[in-house]
Amino acid sequence: MALHLYDTARRGTRAFVPLIPGEVSMYVCGATVQGLPHVGHLRAGVVFDVLSRWLLESGFKVTLVRNVTDIDDKILARAMEEGRPWWAVAAHYERAFSAAYDALGVLPPTIEPRATGHVTQMVELMQRLIDAGHAYAVDGDVYFDVRSFSEYGALSGQRPDSIEPAADSDFASRKRDPRDFALWKGSKPGEPAWPTPWGAGRPGWHLECSAMATNYLGATFDIHGGGLDLQFPHHENEIAQSHAVGDGFAQYWLHNAWVTQAGEKMSKSLGNTMVVQEVLKRIRGIELRWYLVSAHYRSNIEFSDEALQESGAAFRRIENFVVRATERMGDVDPHATPMCADFALAMDDDLGAPAAVAAIHELVTEGNTLLAQGSAANAATLRGVLASVRRCLGVLGVDPLAEPWATRHSGGDDYREAVDVLVQSELHERQEARSAKDFARADAIRNKLAHAGIAIEDTAEGPRWVLAREAE
RNA sequence: GGUGGAAUGGCCGAGAGGCGAGGCAAGGGACUGCAAAUCCCUCUACACGGGUUCAAAUCCCGUUUCCACCUCCA
């Protein structure tokens, strides 16, 4: 089975056929940099990172554009609050998002364009819309004429009649129809402004995505992704802007579901504290990523510390296998083995992460059994299982021995080696005590190490040690 | 009011007409000097009421509850 994806626009799962064989062009709505990133923001980043990795794994050449909206009403409001320029606010939170993406191992997109860098493209698009009779300028504002575009509402299944007036209803008097939305907002004194043929002003919210997607990916491209909430009005308006001028725009619309908390949507307006940098004090980045990645992207995740810890424990079982098997077999090349068929089948079915995760668990059980048997005869099989597990984990971005995790893990290599020398000598002493049936002494050593946060595992090859924090 | 989702075992969480994913927890067993780690086994569910069918968690009708979007949101 080849890759199938759920296309919001068609309300169904269908085979993914790229415009150009072997190549995929994808645009993902990134952050409006107006606050600290929370777990929900990162879910979108992680979901489309996994899609991108799976496409790469499947042999496609991927061009991924993930924008940064760095000019917006909320950013201006935030700048007032924080008493510093809007561009300082935008830059500050953009760095916070980058750090968070990084902490979760999200691969950098091909390009991360900023809205403010693409005013030229926006002006061009507005001119095309005005020329085509789908937009009009009034007193320095430019609006999209919703009534001129019969397709409006198709993506979100809204009938134009039942759509409530757009947000900027304070401009209602200038609009031909209350549902018309602003492409461009004439600037008020003190606000940032860029020159246009219709006067100085700043971009409306939706325009930048149409302009940037088209600029980098062309008039027609393969996939457009984003959070579920963006379906309306944001993506609806993007479609309007682009289709109205005859651009094909996105062929597949993908939307990821929410991270909710106690049944409530995790929105910044609720002011909750699930910001990524806080959560990362309680759990490692790789475990947080596993938590986000092991759910289906179209299912809600109800965020809780218990669920997070439980998910972390499940991941550690897998991680332990990878580490132990690597200790036994040495490093393996994940791509030296064929892709696990069950995993591939699951991923091809609209990124069925839960079934894919189940396939990994089954591989790990098989691998653990081989590990427990410990005979040299099945070394080749074990090597294959290890490679296969790592190849699957790599698609989800959680192979502990791949970047960025490998480097982070070995960041303390010097210390680890020093500790290892000391612990090995303790373990040696304990083995001697055990041989001499002096179990009191053996247990005392074990307790001493446990007290230091080091857990001993007795394996067929003799004892090994792990930090209790990693094994708990 | 409009649009779209969801209700699964102690918990998390898939599946989508027949053979009851996977994980966590719990109990039992193997291994161990004892543990830990690991493996094996057990517990076995589809909100409610009707209907279709040889067969329904899965399809149809109705009911209840919850959620999201229609306003800024990933």
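Labels below follow one simple rule: chain letters A, B, ... track the order of the sequence lines, proteins then strands, and each chain is numbered from 1. Please read all numbers here as calculations on a predicted model, not as lab measurements.
In this entry the distance linking OH of A:Tyr6 with P of B:rG5 reads 6 Å, nearest Å. Rounded to whole angstrom, the span from the CG atom of A:Leu292 across to the P atom of B:rA74 amounts to 15 Å. B:rC73 atom P lies 7 Å from atom CG of A:Asp72, rounded to whole Å. Residue A:Phe321 contributes atom CZ, which lies 13 Å from atom C1' of B:rC39 at whole-angstrom precision. The interatomic distance linking A:Trp253 (CH2) with B:rA74 (C1') rounds to 15 Å, in whole Å. Distance, A:Arg316 CZ to B:rC24 P: 12 Å, rounded to whole Å. Rounded to whole Å, atom P of B:rG22 lies 18 Å from atom CG of A:Leu396. When the C1' atom of B:rC40 is taken as reference, atom CG of A:Asn368 falls 13 Å away, rounded to whole Å.
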Distances for protein N or O near nucleotides 26-34 of chain B N or O, under 3.5 Å:
{"from": "B:rG33", "atom 1": "N7", "to": "A:Arg434", "atom 2": "NE", "distance (Å)": "3.4"}
{"from": "B:rG33", "atom 1": "O6", "to": "A:Arg434", "atom 2": "NE", "distance (Å)": "3.4"}
{"from": "B:rG33", "atom 1": "N1", "to": "A:Asp443", "atom 2": "OD1", "distance (Å)": "2.9"}
{"from": "B:rG33", "atom 1": "N2", "to": "A:Asp443", "atom 2": "OD2", "distance (Å)": "2.7"}
{"from": "B:rC34", "atom 1": "O2", "to": "A:Arg446", "atom 2": "NH2", "distance (Å)": "2.9"}
{"from": "B:rC34", "atom 1": "N3", "to": "A:Arg446", "atom 2": "NH1", "distance (Å)": "3.0"}
{"from": "B:rC34", "atom 1": "N3", "to": "A:Arg446", "atom 2": "NH2", "distance (Å)": "3.3"}
{"from": "B:rC34", "atom 1": "N4", "to": "A:Arg446", "atom 2": "NH1", "distance (Å)": "3.4"}

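Base pairing analysis places B:rG1 opposite B:rC70; the two distances defining the Watson-Crick or G-U wobble pair are each below 3.5 Å. Under the Watson-Crick and G-U wobble criteria, each requiring two contacts below 3.5 Å, nucleotide B:rG33 is left unpaired. Across every strand in view, B:rU42 sits in a pair with B:rA26 that passes the Watson-Crick or G-U test at under 3.5 angstrom. Across all strands shown, B:rC59 forms a Watson-Crick or G-U wobble pair, both distances under 3.5 Å, with B:rG51. With both pairing distances under 3.5 Å, B:rG9 is matched to nothing as a Watson-Crick or G-U wobble pair.
In this structure, A:Glu310 reaches the bases: a heavy-atom distance under 4.0 Å links it to at least one base atom across the strands shown. Within the nucleic acid shown, A:Ala314 comes within 4.0 Å of sugar-phosphate atoms alone, with no base atom in reach, counting heavy atoms only. Residue contacts shown for A:Gly352 are absent, as no nucleic acid heavy atom lies under 4.0 Å away. A:Ala358 comes within 4.0 angstrom of a nucleotide base, judged by non-hydrogen atoms across all strands. A:His255 comes within 4.0 angstrom of nothing in the nucleic acid, heavy atoms only.
Regarding contacts with the backbone of B:rG13, every side-chain N or O of A:Ser299 stays at 4.0 angstrom or more from both OP1 and OP2. Residue A:Asn256 places none of its side-chain N or O atoms closer than 4.0 Å to OP1 or OP2 of B:rA74. Between A:His361 and the phosphate of B:rG22, there is no side-chain N or O to OP1/OP2 separation shorter than 4.0 Å.
Taking atom P on both nucleotides, B:rC72 is separated from B:rG2 by 22 Å, rounded to a whole Å. Spacing between B:rU8 and B:rG13 at atom P, rounded to whole Å, works out to 10 Å. On the C1' atoms, B:rC39 is 41 Å away from B:rG5, given to the nearest whole Å. Across B:rC59 and B:rA21, the matching C1' atoms stand 22 Å from one another, rounded to whole Å. Taking atom P on both nucleotides, B:rC12 is separated from B:rC40 by 25 Å, rounded to a whole Å. Here the separation of B:rC24 from B:rA14, taken at their C1' atoms, is 15 Å to the nearest Å. The P atoms of B:rC46 and B:rC19 are separated by 14 Å, rounded to the nearest whole Å. Spacing of P atoms, B:rA57 relative to B:rG9, comes out at 15 Å, to the nearest Å.
A donor-acceptor contact under 3.5 angstrom links the side chains of A:Trp465 and A:Asp420, judged on distance only. Of the N and O atoms on the side chains of A:Thr337 and A:Ser388, not one donor lies less than 3.5 Å from an acceptor on the other residue. Side-chain contact annotation: A:Asp70 with A:Trp87, donor-acceptor N/O pair under 3.5 Å absent. Counting only N and O atoms by type, the side chains of A:His243 and A:Glu151 include a donor and acceptor under 3.5 Å apart. At a cut-off of 3.5 Å, with distance as the only test, a side-chain donor of A:Arg78 or A:Tyr93 sits close to an acceptor on the other residue.
Each of A:Ala355 and A:Leu228 has a nearest nucleotide on RNA chain B; the 5'-most of these lies closest to A:Ala355. Toward the 5′ end of RNA chain B lies the nearest nucleotide of A:Ser294, the other residue of the pair A:Leu230 and A:Ser294 mapping further downstream.
Residue A:His41 has its side chain nearest to B:rA74 when only B:rA74, B:rG4, B:rG23 are considered. Among the nucleotides B:rC73, B:rA14, B:rC40, the one closest to any side-chain atom of A:Asp229 is B:rC73. Distance from the side chain of A:Pro354 is smallest for B:rA21 among the nucleotides B:rA21, B:rC73, B:rG4. Listed nucleotides B:rA37, B:rC72, B:rC70 differ in distance to A:Trp205; the shortest reach to its side chain belongs to B:rC72. If you check B:rG22, B:rA74, B:rC67 against the side chain of A:Glu362, the one that comes closest is B:rG22.
A salt bridge links A:Glu287 with A:Arg316: the distance from a Lys NZ or Arg NE/NH1/NH2 to an Asp or Glu carboxylate oxygen falls below 4.0 Å. A:Arg430 and A:Asp458 are joined by a salt bridge, as a carboxylate oxygen and a charged side-chain nitrogen come within less than 4.0 angstrom of each other.
When ring centroids are compared, A:His118 and A:Tyr216 come within the 6.0 Å threshold.
In terms of modelled atom types and a separation under 3.5 Å, the side chain of A:Asp72 and the main chain of A:Ile75 share a donor-acceptor contact. Judged purely by atom type and a 3.5 angstrom limit, A:Glu302 has no side-chain atom pairing as donor or acceptor with the backbone of A:Thr260.
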